[in-house]
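To start, the structure itself, in structure tokens.
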Amino acid sequence: MAIEQRFGAGHRILVSGGAGFVPSHVVDALLARGCQVVAVDNFITGSRDNIAHLASEPRFTLVEADLTQGLPSDPALTERFDAILHMASPASPTDFAKLPTEILRVGSIGTLALLDRAVADSARFLMASTSEAYGDPEVHPQPESYWGNVNPIGIRSVYDEAKRFSEAATMGYHRFHGLDTAIVRIFNTYGPRMRPDDGRAIPTFISQALHGVPLTVQGTGAQTRSITYVDDLVRGILLLLDSTETGPINCGTEHELTMLELAELIVKLAGSSSPIQLVERAADDPEKRRPDLTLARTLLGYEPQVGPEEGLRRTIDFFAK
Ligand code: NAD
Ligand code: UDP
């Protein structure tokens, strides 16, 4: 199974949320292929540092705008796009309480605005969805055919349901307009450019380990996540973009760890003497999560390459700088 490159030199790609952690790595990968890339971002959770190295890159343009107001009139947005990657959304569970309406808007109004633009441009539309679409899953590992177990009024629902709405909207446009679409369900991804204070487990544990303070493991720490180094995710996203698959397709790894194991591993790799402190568990926190990667493997030839020790080491090095 080899997917031929479909997007490269001469293609114009719009990446929403392009100054964010994952999207900025996708921007880099598209630029490396020779694409012209326009990032639209309002910096609600993104950072100028993530794109600072592109300041003199002629094939990159940043449009500072809030997608929930629709796409602004800007010279960089006039010409047709060949592909649109909708990656804008706050994504940390701590944001679910702080930015509920912003999350709901970008996952609804923002999604519809970009779908309309994709129809107008006959562009391929790729939607960054999430393993959160499965909620607190009762099926393990999670195949794409599983409909999920989401509390529709819980603290996480603003994010989970916004992403599920985005998936529904994407499939609606695909069926009604014949739009060329793709949905990727992203599992916990980490790496350089995460914000140390974004509240997610990996950046939090690394910051705590590097500062010699206790690692705040929630509950008993027996809950699991399967962690993906960002380079593996970016490769999976570009394989899906290049393919003609609609998805949804899971992207992640089978490196499933308990949060206690994750904390202990980070302490070891950081050479830290931080203790582990058990703290209160967040509400509706999923008990376990691991992708069934059969579709990604068979349809895209996707295979993750970076193990947890290697990926966490690279991320610790980034945070230590
Ligand atoms: P991030 O917060 O670093 O990136 C999101 C970007 O979107 C930020 O730069 C932010 O400023 C921008 N943004 C948000 N609302 C916007 C708006 N209204 N208008 C313009 N820009 C806006 O988060 P991330 O972890 O890099 O996640 C990127 C995407 O991948 C998100 O859609 C997220 O839901 C999805 N995802 C990420 C993970 C993960 O583990 N990192 C897992 C599942 C899904
Ligand atoms: N977690 C933790 N301590 C923290 C932050 C998170 O123990 O400081 C746990 C959290 O309870 C969850 C897991 O780590 O079970 C993953 O949380 P994260 O916010 O990274 O991502 P999620 O998969 O919940 O979106």
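Both ligands and their constituent atoms are indexed starting at 1 by order of listing.
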- Can you tell me the protein heavy atom closest to atom 12 (C) of ligand 2 and the distance? D285 OD1, 3.3 Å
- Task: Name the closest protein heavy atom to atom 13 (C) of ligand 2, giving the residue it belongs to and the distance to 0.1 Å.
- Result: M259 SD, 3.5 Å
- Message: Would you compute the distance between atom CE of M194 and atom OG of S207 and round it to the nearest 0.5 angstrom?
- Response: 10.5 Å
- Message: So is S16 touching ligand 1 or not, going by heavy atoms under 4.0 Å?
- Response: no
- Message: Would R105 count as a contact residue for ligand 1, given that I'm defining contact as a non-hydrogen atom of the residue lying under 4.0 Å from a ligand atom?
- Response: no
- Message: So if I count the atoms of ligand 2 from 1 in the order they appear, which ones are less than 4.0 Å from some heavy atom of G199?
- Response: 5 (C)
- Nearest-neighbour protein heavy atom for atom 4 (O) of ligand 1, which is reported as residue plus atom name and distance: G20 CA, 3.3 Å
- Item | Sub-4.0 Å heavy-atom contact, S129 with ligand 1 | yes
- Task: Pull out every atom of ligand 1 sitting under 4.0 Å from any heavy atom of T68, numbered as shown with elements.
- Result: 18 (N)
- Query: F205 and L312: side chain to side chain contact (heavy atoms under 4.5 Å, CB included), yes or no, with the steps?
  - Reply: CA-CA 11 Å; F205 291 166; L312 287 170; over 6 Å; no
- Task: May I ask you to decide whether E132 forms a salt bridge with K163, counting only side-chain N to carboxylate O separations under 4.0 Å?
- Result: no
- Message: Between E167 and S129, is there a side-chain donor-acceptor contact under 3.5 Å, judged purely by atom types and distance?
- Response: yes
- Item | Shortest protein heavy-atom distance from atom 38 (C) of ligand 1, along with the residue and atom involved | I186 CG2, 3.8 Å
- Message: Could you work out, with side-chain contact (heavy atoms from CB on, under 4.5 Å) as the rule, every residue matching L71, not counting sequence neighbours?
- Response: L14, V40, L67, L77, L114, R117
- Under 4.0 Å from any heavy atom of P23, which atoms of ligand 1 are there? 26 (O), 28 (C)
- Note on the structure: Taking only non-hydrogen atoms of V106 and a 4.0 Å limit, the atoms of ligand 1 in range are 15 (N), 16 (C), 17 (C), 18 (N)
- Item | R185 side chain vs A133 backbone, donor-acceptor pair below 3.5 Å | no
- Task: Output the list of atoms in ligand 1 that are nearer than 4.0 Å to some heavy atom of V22, sorted by atom number.
- Result: 26 (O), 41 (N)
- Task: Report the nearest protein non-hydrogen atom to atom 20 (O) of ligand 2: residue, atom name, distance rounded to 0.1 Å.
- Result: A201 N, 2.7 Å
- Item | For R200, the ligand 2 atoms whose distance to one of its heavy atoms is below 4.0 Å | 19 (O), 20 (O)
- Can a donor-acceptor pair be found between the side chains of D116 and Y173 at a distance below 3.5 Å? yes
- At a 4.0 Å cut-off, with the gap strictly under it, does some heavy atom of R193 reach an atom of ligand 1? no
- Single hit among L240, T181, D82 for side chain to side chain contact (heavy atoms under 4.5 Å, CB included) with R124: L240
- Query: Atoms of ligand 2 less than 4.0 Å from V217 heavy atoms?
  - Reply: 7 (O)
- May I ask whether S47 places a heavy atom under 4.0 Å from ligand 1? no
- Task: Identify the protein heavy atom lying closest to atom 21 (O) of ligand 2, giving its residue, its atom name and the separation to 0.1 Å.
- Result: N188 ND2, 3.3 Å
- atom 24 (O) of ligand 2 - nearest protein heavy atom and its distance: R156 NH2, 2.9 Å
- Item | atom 16 (C) of ligand 2: nearest protein contact (heavy atom, Å) | R225 NE, 3.6 Å
- Query: Should we count CD of E280 as having more than 12 external heavy atoms under 6.0 Å?
  - Reply: no
- Dump the intermediate steps for side chain to side chain contact (heavy atoms under 4.5 Å, CB included) on Y190 and I206, then the final yes or no. CA-CA 11 Å; Y190 68 96; I206 293 179; over 6 Å; no
- OG1-CZ distance between T204 and R195, expressed to the nearest 0.5 angstrom: 10.0 Å
- State the CZ-CZ distance between R33 and R6, to the nearest 0.5 angstrom. 11.0 Å
- Query: What's the shortest distance from atom 7 (O) of ligand 2 to any protein heavy atom, and which residue and atom give it?
  - Reply: Q218 N, 2.7 Å
- Pick from I227, T216, L262: the one approaching atom 3 (N) of ligand 2 most closely through a non-hydrogen atom: T216
- Query: Given that the side chain starts at C-beta and the backbone is N, CA, C, O, which of these parts of Y159 lies under 4.0 Å from ligand 1, counting heavy atoms, or is it both or neither?
  - Reply: side chain
- Hey, is P93 one of the residues with a heavy atom under 4.0 angstrom from ligand 2? yes
- Message: So is G110 touching ligand 1 or not, going by heavy atoms under 4.0 Å?
- Response: no
